[in-house]
Amino acid sequence: MSNLRLAIIIGSTREQRFGDKITNWFADRAREHGGFEIDVIDLADVPLTAQGPARGPLPAEFADFAARIDAADAFVFSTPEYNHGYPASLKAALDILREQWWGKPCTFLGYGGISGGIRAVEQLRQVVGELHMADIREAFIVPFGPFRFFDKETGEVTDPDAAATVVTVLDRLQWWAQALADARKARPFA
Ligand SMILES: Cc1cc2nc3c(=O)[nH]c(=O)nc-3n(C[C@H](O)[C@H](O)[C@H](O)COP(=O)(O)O)c2cc1C
């Protein structure tokens with residue numbers, strides 16, 4: 001078991017969403033990868049309607065979310081694309097916390113229609129830098145995810161290269177996660 005913790009964050013909170021299905025598939029591949037201990041965080045379970053402070057003590061309802069982000073060494077943000085952007089749930093989740101994100105690497109699981117969520121992912125890259133995260137080059141991008149990723153009849157994944165692509169993404173993320181975990185240990189990020 002790895003000592004690196006990876007938080008995989010389900011960004012869509014819609015009823016009848018596709019996000020939980022593809023993210024849980026990704027999380028299973030991440031468990032098989034073995035480079036991380038996996039924590040799947042579903043933003044549908046986080047009280048995002050409450051507002052967190054930019055400074056000062058965190059309201060008690062965010063304690064569990066904050067502890068799990070704090071414990072993570074790396075993040076995967078699973079994001080759909082809505083009207084060429086990422087969902088408000090992800091922005092609220094990012095904005096609630098501060099130092100729990102700092103000095104850690106992240107990547108993305110993007111999905112949508114023709115775009116594969118790439119515009120949402122590129123917008124998120126702008127935001128995570130402000131939170132002192134290091135976004136890595138590789139991401140897992142799935143065009144027409146809800147329509148094509150799983151075979152409608154068999155439930156099998158239709159892209160034969162998908163699992164191998166996840167391994168490549170996680171290999172890179174693991175390198176950054178270990179490097180930055182070592183760096184934070186040697187010199188806490190401040
Ligand atoms: C309000 C809304 C806007 C959307 N806009 C886009 C878009 O701009 N580009 C795209 O590729 N897909 C778009 N889609 C398709 C979604 O990305 C796709 O349905 C995806 O499965 C939604 O994620 P979810 O089911 O996990 O919430 C949109 C869907 C919704 C509901």
Side-chain angles (χ1 to χ4, degrees), residues 6-33 36 38-52 61-62 64-65 68-69 72 74-97 101 106-131 133 135-170 173:
L6 173 63
I8 301 176
I9 299 168
I10 302 177
S12 170
T13 57
R14 276 193 329 121
E15 272 183 41
Q16 300 179 333
R17 61 195 170 164
F18 175 66
D20 54 346
K21 294 158 196 73
I22 193 164
T23 311
N24 286 324
W25 175 85
F26 185 100
D28 285 342
R29 304 291 77 73
R31 290 185 190 96
E32 286 170 8
H33 178 269
F36 302 92
I38 305 301
D39 183 19
V40 178
I41 300 177
D42 189 342
L43 293 188
D45 299 331
V46 180
L48 296 172
T49 47
Q51 289 214 315
E61 60 261 50
F62 297 124
D64 176 68
F65 178 56
R68 290 164 75 182
I69 297 300
F75 306 106
V76 174
F77 295 102
S78 164
T79 183
E81 183 168 304
Y82 298 150
N83 296 317
H84 293 198
Y86 58 88
S89 46
L90 267 174
K91 187 66 164 64
L94 285 160
D95 293 344
I96 284 163
L97 303 179
W101 303 113
C106 68
T107 186
F108 309 92
L109 189 183
Y111 60 93
I114 195 166
S115 77
I118 197 81
R119 289 173 288 226
V121 166
E122 292 304 310
Q123 289 179 10
L124 276 166
R125 288 185 187 278
Q126 283 191 312
V127 175
V128 297
E130 180 62 15
L131 286 163
M133 276 184 262
D135 57 318
I136 69 165
R137 177 176 179 266
E138 288 77 13
F140 188 63
I141 299 297
V142 186
F144 300 110
F147 315 106
R148 293 190 191 162
F149 190 71
F150 296 110
D151 185 283
K152 295 259 182 300
E153 313 242 303
T154 65
E156 297 294 317
V157 171
T158 55
D159 177 359
D161 299 326
T165 305
V166 173
V167 170
T168 303
V169 172
L170 292 177
L173 188 65

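First listed ligand is number 1; within each ligand, the first listed atom is number 1.
Residues meeting the ring pair (Phe, Tyr, Trp, His ring centres under 6.0 Å) test with Tyr111, sequence neighbours left out: Phe18.
Counting heavy atoms under 4.0 Å from ligand 1, residue Ile114 touches it through the backbone alone. Contacts of Pro146 with ligand 1, taken as heavy-atom pairs under 4.0 Å, involve the side chain alone. Here Arg14 has side-chain heavy atoms under 4.0 Å from ligand 1, and that is the only part of it that gets that close.
If you check which protein heavy atom lies closest to atom 20 (C) of ligand 1, you get Tyr111 CE1, 3.8 Å. Protein heavy atom in closest approach to atom 8 (O) of ligand 1: His84 N, 2.9 Å. Counting protein heavy atoms only, atom 1 (C) of ligand 1 is closest to Asn83 ND2, 4.1 Å. Remark: minimum distance from atom 29 (C) of ligand 1 to any protein heavy atom is reached at Tyr82 CD2, 3.9 Å. Counting protein heavy atoms only, atom 12 (N) of ligand 1 is closest to Gly113 N, 3.1 Å.
Ligand 1 places these atoms under 4.0 Å from at least one heavy atom of Arg17: 24 (P), 25 (O), 26 (O), 27 (O). For ligand 1, the atoms lying closer than 4.0 Å to a non-hydrogen atom of Gly19 are 26 (O). Atoms of ligand 1 found under 4.0 Å from any heavy atom of Ser115, numbered from 1 in the order shown, are 10 (C), 11 (O).
For a threshold of 3.5 Å applied to N or O pairs, the pair formed by Gln16 and ligand 1 contains no separation below that value. Where the criterion is an N or O separation shorter than 3.5 Å, residue side chain and backbone included, Glu81 meets it with respect to ligand 1. Inclusion of Pro80 in the set of residues having an N or O under 3.5 Å from an N or O of ligand 1 is not warranted. Taking only nitrogen or oxygen atoms, main chain and side chain alike, Phe18 reaches within less than 3.5 Å of ligand 1.
Here the CZ atom belonging to Arg119 is positioned 11.0 Å from the CD atom belonging to Glu122, to the nearest 0.5 angstrom. Separating the CD1 atom in Ile22 from the CD1 atom in Ile10 is a distance of 11.5 Å, to the nearest 0.5 Å.
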Step by step, would you call Leu6 with Ile38 a side-chain contact (heavy atoms from CB on, under 4.5 Å)?
CA-CA 5 Å; Leu6 173 63; Ile38 305 301; 3.9 Å; yes
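At least one side-chain heavy atom of Val157 sits less than 4.5 Å from a side-chain heavy atom of Phe150.
Ring orientation note: the planes of Phe26 and Phe140 are tilted relative to one another, at an angle of 30° to 60°.
Within a 6.0 Å sphere centred on CZ of Arg31, heavy atoms belonging to other residues, nucleotides or ligands number more than 12.
Each of Leu94, Asp39, Leu90 was compared with Ile9 under the side-chain contact (heavy atoms from CB on, under 4.5 Å) criterion, and only Leu90 meets it.
Among residues at least two apart or in separate chains, side chain to side chain donor-acceptor pair (under 3.5 Å) pairs with a member in residues 153-170 are Asp151-Thr154.
Of the possible polar contacts, none joining the Thr79 side chain to the Gly11 backbone as a donor-acceptor pair under 3.5 Å is found.
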